[in-house]
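In what follows, every chain begins at residue 1, and chains take the letters A, B, ... in the order their sequences are listed. Nothing here was measured: the structure is a model prediction, and the numbers come from that model.
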Number of protein chains: 2
Amino acid sequence: MAARRGSAEESRTALLDAAQQIMLEDGYAAVTTRRIATEAGVNSALVYYYFDTMDDLFIELFRRGADRSLERLQEALRSPQPLWAFWELSQDQSRSALTMEFTALANHRHSIRAEIAESSRRFRKVELEALGDALERYGVDPHEWPATSVILMLSGISRFMLIEKAFGLDLGHADTVAIIERHIRALEGDRAR
Amino acid sequence: MAARRGSAEESRTALLDAAQQIMLEDGYAAVTTRRIATEAGVNSALVYYYFDTMDDLFIELFRRGADRSLERLQEALRSPQPLWAFWELSQDQSRSALTMEFTALANHRHSIRAEIAESSRRFRKVELEALGDALERYGVDPHEWPATSVILMLSGISRFMLIEKAFGLDLGHADTVAIIERHIRALEGDRAR
DNA sequence: GTCTATAGCTGGATAGAC
DNA sequence: GTCTATCCAGCTATAGAC
């Protein structure tokens with residue numbers, strides 16, 4: 001993890017990596033200049049050499065993660081079973097935990113709020129195009145089940161279960177997953193592996 | 001809002017009220033001894049007279065809100081249309097915003113985490129008893145639609161929409177509400193007012 | 001019960017040497 | 001590019017006067 005006296009962008013990357021790790025482990029409030037510097041193995045003053053302020057660091061960290069996730073999303077949606085792929089992705093803890101921290105952070109860092117809103121719109125647009133096409137192919141009535149609602153429901157349900165899991169709660173999770181997968185299976189058949 | 005030299009518990013209540021307001025406005029990280037004292041109109045040292053630590057203050061604030069919400073929930077579920085009542089309650093911003101802040105807070109205040117988990121179990125138990133009975137009366141097949149799943153889905157979807165709303169996003173919200181209310185209406189008829 | 005005062009710490013951010 | 005040193009602000013928590 002530590003990167004000492006490396007190439008140009010090594011420290012910058014190390015600082016972002018450290019910030020992300022701390023954010024996941026102890027929440028956004030634990031992300032301080034001194035702590036990310038220690039974790040990255042560099043001096044804390046370097047934070048201000050690479051990023052003007054902590055706000056800028058958070059924004060850049062968010063963008064880096066969002067860019068990666070958007071790529072993963074687009075790749076998943078190219079699957080011949082885009083509903084299965086989307087459902088599996090939305091159940092993946094790794095992205096979701098960070099998203100939730102940034103959501104909380106946005107509450108009192110207003111520069112972050114705009115960044116998240118814009119990013120969310122981009123994600124939703126990509127999801128909508130891919131899943132809207134798929135649902136149309138499957139003959140789903142768009143008046144009865146609009147693609148936006150299907151996306152919103154799957155996203156909300158999976159995120160809620162992820163939050164509950166973080167608190168050690170899982171009542172009804174298995175049943176709920178079974179119901180949703182029953183519906184997906186009716187449209188896309190068994191998940192191909 | 002300010003309470004000066006009042007009766008025994010007035011300052012204590014004022015401090016809790018101030019903490020809650022700040023938490024909602026600027027996030028949990030903005031809840032500091034100095035700020036809640038200023039907002040409550042008392043001296044910051046009083047925080048430690050009434051609460052041993054900030055952790056204790058947060059826990060007491062959470063319990064106070066949870067107790068009130070549980071009462072509201074129980075009252076709502078006594079409605080002749082418990083599904084409608086539950087759905088409307090879960091769409092209510094007022095409680096949800098605080099819950100989300102506490103959820104984020106739990107990430108790095110572990111005493112809070114246990115408190116939330118225990119509270120969630122209590123809520124779910126109450127919801128399950130009332131809505132499980134209702135769904136049975138409506139003739140809903142518990143194998144196809146277990147009450148736990150119905151609760152979890154409604155909760156997750158409404159919370160997701162509330163979060164999105166906070167970011168100025170509402171794509172697909174109206175459609176999704178319409179779908180859910182269509183299903184509730186099929187079981188409980190039109191919402192009586 | 002409420003206050004002043006302060007200890008002791010940690011934070012963001014900057015200046016300037018190397 | 002990386003460091004040391006430092007300023008200043010804000011924090012939790014405590015001691016003790018009233």
State whether [X] and [Y] are salt-bridged, where the test is any N-O pair (Lys NZ or Arg NE/NH1/NH2 against Asp/Glu carboxylate O) under 4.0 Å.
X	Y	result
B/Arg191	B/Glu88	yes
B/Asp170	B/Lys165	no
A/Asp17	A/Arg64	yes
A/Glu60	A/Arg63	no
A/Glu118	A/Arg113	no

Nucleotide [N], atom [atom2] - distance to [atom1] of [X] in whole Å:
X	N	atom1	atom2	result
B/Asn43	D/dA13	CG	C1'	13 Å
A/Glu9	D/dT2	CD	P	10 Å
B/Phe58	D/dC11	CZ	P	12 Å
B/Phe51	D/dC11	CZ	C1'	18 Å
B/Ile36	D/dA13	CD1	P	11 Å

Given C/dT4, D/dT2, C/dG1, which nucleotide is nearest the side-chain atoms of B/Tyr50?
->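 Looking only at side-chain atoms, B/Tyr50 lies closest to C/dG1.
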Among D/dC3, C/dG1, C/dT4, the nucleotide that comes nearest once only the side chain of B/Tyr49 is considered | C/dG1
Please check if atom CD in B/Glu25 has more than 12 non-hydrogen atoms from other residues, nucleotides or ligands closer than 6.0 Å.
->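 More than 12 within 6.0 Å, yes.
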Could you encode protein contacts along nucleotides 12-18 of chain C as a string, one character per nucleotide from 5' to 3', using B for base contact, S for sugar-phosphate-only contact and - for no contact, with a heavy-atom cut-off of under 4.0 Å?
-> BBB----
